[in-house]
Protein chains: 2
Amino acid sequence: MNFKAITMNDIARALDLSASTVSKALSNSYEISEKTKKLVLDYAEANNYKPNLIAQSLKQGHSNSIGIVVANIDNHFFSQVINGIESIAYQEGYNVIFTQTHESYELEVKNVNHLAHRSVDGLLISLSTETNNIDHLQKLQRQGLPIVFFDRVSDDMETHKVIVDNFKGAYEATTHLIKAGYKNIAHITAANTSVTRERLSGYEQALTDNGINVNQQYIKYCQHAGKDTAEIKGILDELLTNAVSPDALFTAFDRITTVTLGLLHQLKIKIPQHIALLGFTNTVLADVLNPSLSTVYQPGFEMGQEATKMLISLIKTKRLVTEFETIVLPTQLFLRNSTLRK
Amino acid sequence: MNFKAITMNDIARALDLSASTVSKALSNSYEISEKTKKLVLDYAEANNYKPNLIAQSLKQGHSNSIGIVVANIDNHFFSQVINGIESIAYQEGYNVIFTQTHESYELEVKNVNHLAHRSVDGLLISLSTETNNIDHLQKLQRQGLPIVFFDRVSDDMETHKVIVDNFKGAYEATTHLIKAGYKNIAHITAANTSVTRERLSGYEQALTDNGINVNQQYIKYCQHAGKDTAEIKGILDELLTNAVSPDALFTAFDRITTVTLGLLHQLKIKIPQHIALLGFTNTVLADVLNPSLSTVYQPGFEMGQEATKMLISLIKTKRLVTEFETIVLPTQLFLRNSTLRK
DNA sequence: ATGAAAGCGCTAACAG
DNA sequence: CTGTTAGCGCTTTCAT
């Protein structure tokens, strides 16, 4: 059982023409007579001819498709980014292939290489939490593959990037908690990404600016951005048995935020009476959670759009690009019941 | 700016060998001496050689990749299915390419054809709500492309299918509402899919079996499975201004369920006091919604796994397959506060 | 206006 | 053990 579609040679043979004539007719070349064009087009139509895109790609050296690498698609933020990417890509005639790293460095390398050597014309990537080393990307960039970073970026490569103002988003969130009367604000975040560092400094700066000492015992890292519920459970246990248990949590990643909410429920901890909760998440359910959840929202759709526009411009440029841009989008703070004034 | 990776010919030229020797060395053929193998392997390693998968696919007529078509990835159910698919596919050495139809027939046709002619070895598909006609799939099947349906299937094609027991899931859900004391149970569902019909009959049968008349005014269809919030808003308005306003809602699709919850909140309708809510959804947040949400859960991960196993077996079979199987997985009913006894 | 031929990168049958 | 050759389906010169 093997997929066999009709080819140009089949058409050529059937109509007693040459393959090159058929090719030209199909692409509406001025060299071909109207009569022949019609003949070919009608036959192709009638026999459901579709060009073999693999052969086209091999011949042309490009494929009109772009590759996407994200941590997980079952994440509100990333799925919004993907929708933004698609919206621009389709409009510009590009197809989109996406892959998940599941926060694994190994899978990231594998997927990146697979995409590159399946001849995507460019790559859009948000690094996995495990990734420290971007050799795999640098090699491809040196070979001429256009790469644009979004969300979790690396300083080790010069290219276009799209991020949100993580520092400001975290600063505003933390400041809100302080103004609402919370004093002992813990921070749960993912290990090792650019996003981690920026949000952490926003958190620390807000504390400092309000005369609160940064307590290292209140800063907790998850290895895989919240995929491991047990790990977050352990972190909460540590925080809650601390000499001074925190009265608010500021969570920095989508999955960490929602998992934390679930765990606090299981522990029968009242929000915000016992502990307030505010986190980065793009869930559309924030309003209908119990309690409704104060969130830092990231413009995922717009991020996808901007990154894609930049990538396509890189793809289309013939000359070497050496001037790169980093777009910084604003976050939005939505205040709901999980951070009601103390 | 064009991606140029090192090729086998580059290696052959550099080492003064022929391309076929290099090819054989790289695939560890018994024909090649250890010395030459080492020479080639080392050079390839040092120069970051990666085979051009496009060329391999063209040559071999297959690509070790499978294509997935779903409505939307930002849907808890579908993203779980995708994770199930990946788990089997990777293990069997296949890569996965997925695309979204956004419930559009046109996009479905486009994506299906794109995948097929980009030489995926097989296709896994859940139909869009708009799809009535599966010519596009039948043509490909006739040409020998293995196709497996999951979730939203069609009777118009003989092939392997994986579904859940939609009738039973809906029957149990409706019966639960009745037993809990609800009398006027409305049903909001998506238009036009196999899933719609099966869940609708489960709902109707449960009513009938309990001596309740089926009221057509209580059965409402959304055109795009809940993507259009305004449409659901309109439906709720109609239901609530009905002569006898329903005291319970049974929603049949993931997105419809969560959007309905949000809209009831906006309308300041108390759940379950004013209206109970129970729906199909795979959201992991069901426990922490307000109120916690009674749900019909579908084993998405397992569905993805089963479908992929079947597809890969079809791909690997050389002879024509004429005996097809439909796997039916059970749903699970989770009772929470949104359907508390009246 | 049409066709012959070469080649994209790779594999495989066949020769040596 | 290594090389030559042909060909996957398509595009693109270059002839005719």
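Quick note on labels: first sequence line is chain A, next is B, and so on, each numbered from 1. Not measured: the values here are computed from a predicted model.
A straight line from CG of Leu53(B) to C1' of dT11(C) spans 14 Å, rounded to a whole angstrom. In this structure, the CD atom of Gln60(B) is 5 Å from the P atom of dA12(C), given to the nearest Å. Rounded to an integer number of Å, the gap from NE2 of His62(B) to P of dC10(C) is 16 Å. If you measure from atom CG of Asn52(A) to atom C1' of dG7(D), you get 14 Å, rounded to the nearest angstrom. At whole-Å resolution of the value, CD in Glu34(B) and C1' in dT2(D) are 15 Å apart. Atom CG in Asn64(B) sits about 15 Å away from atom C1' in dC10(C), given to the nearest Å. Distance CZ (Arg13(B)) to P (dC10(C)): 11 Å, rounded to an integer number of Å. Spacing between atom NE2 of His117(B) and atom P of dC8(D) amounts to 18 Å, rounded to whole angstrom units.
Without hydrogens or angle criteria, Ser119(B) side chain to Ile54(A) main chain gives no donor-acceptor distance under 3.5 Å.
Close to dG9(C), at under 4.0 Å from its OP1 or OP2, lies no side-chain N or O of Tyr49(B). Listed pair Thr36(B) / dC1(D) fails the phosphate criterion, with no side-chain N or O lying under 4.0 Å from OP1 or OP2. Proximity of Thr21(A) to the phosphate of dT2(C): no side-chain N or O atom is located under 4.0 Å from OP1 or OP2.
Using a 4.0 Å heavy-atom criterion, one finds that Gln56(B) contacts the sugar-phosphate atoms exclusively. When heavy atoms are screened at a 4.0 angstrom cut-off, Ser23(A) is found touching base atoms of the nucleic acid. In this structure, Ser57(A) reaches neither bases nor backbone, as no heavy-atom distance under 4.0 Å exists between it and the strands shown. Residue Leu17(A) is in sugar-phosphate contact alone, with no base atom involved, counting any heavy-atom pair closer than 4.0 Å across all strands shown. Within 4.0 Å of Thr7(A), counting heavy atoms only, lie sugar-phosphate atoms of the nucleic acid but no base atom. Using a 4.0 Å heavy-atom criterion, one finds that Ser27(A) contacts no nucleic acid atom at all.
The base of dT4(D) is paired with the side chain of Ser20(B) by a donor and an acceptor separated by under 3.5 Å. No hydrogens or angles were tested; on distance alone, a donor-acceptor pair under 3.5 Å links the side chain of Lys59(A) to the base of dG7(C).
A side-chain donor-acceptor contact under 3.5 Å links Asn192(B) and Asn132(B).
Taking CZ of Arg118(B) as the start and CG of Asn52(A) as the end, the distance is 10.5 Å to the nearest 0.5 Å. Expressed to the nearest 0.5 Å, how far CD of Glu302(B) lies from CD1 of Ile327(B) amounts to 11.5 Å. To the nearest 0.5 Å, atom CG of residue Asn64(A) and atom CD1 of residue Ile315(A) are 8.5 Å apart.
Taking only side-chain atoms of Leu58(B), from C-beta outward, the nucleotide of dC10(C), dG3(D), dG9(D) with the closest atom is dG9(D). Of all nucleotides listed (dC1(D), dT2(C), dT11(C)), dC1(D) comes nearest to the side chain of Ser33(B).
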side-chain hydrogen bond (donor to acceptor under 3.5 Å, both in side chains) between Ser104(B) and Thr101(B), worked out: CA-CA 5 Å; Ser104(B) 147; Thr101(B) 66; over 6 Å; no
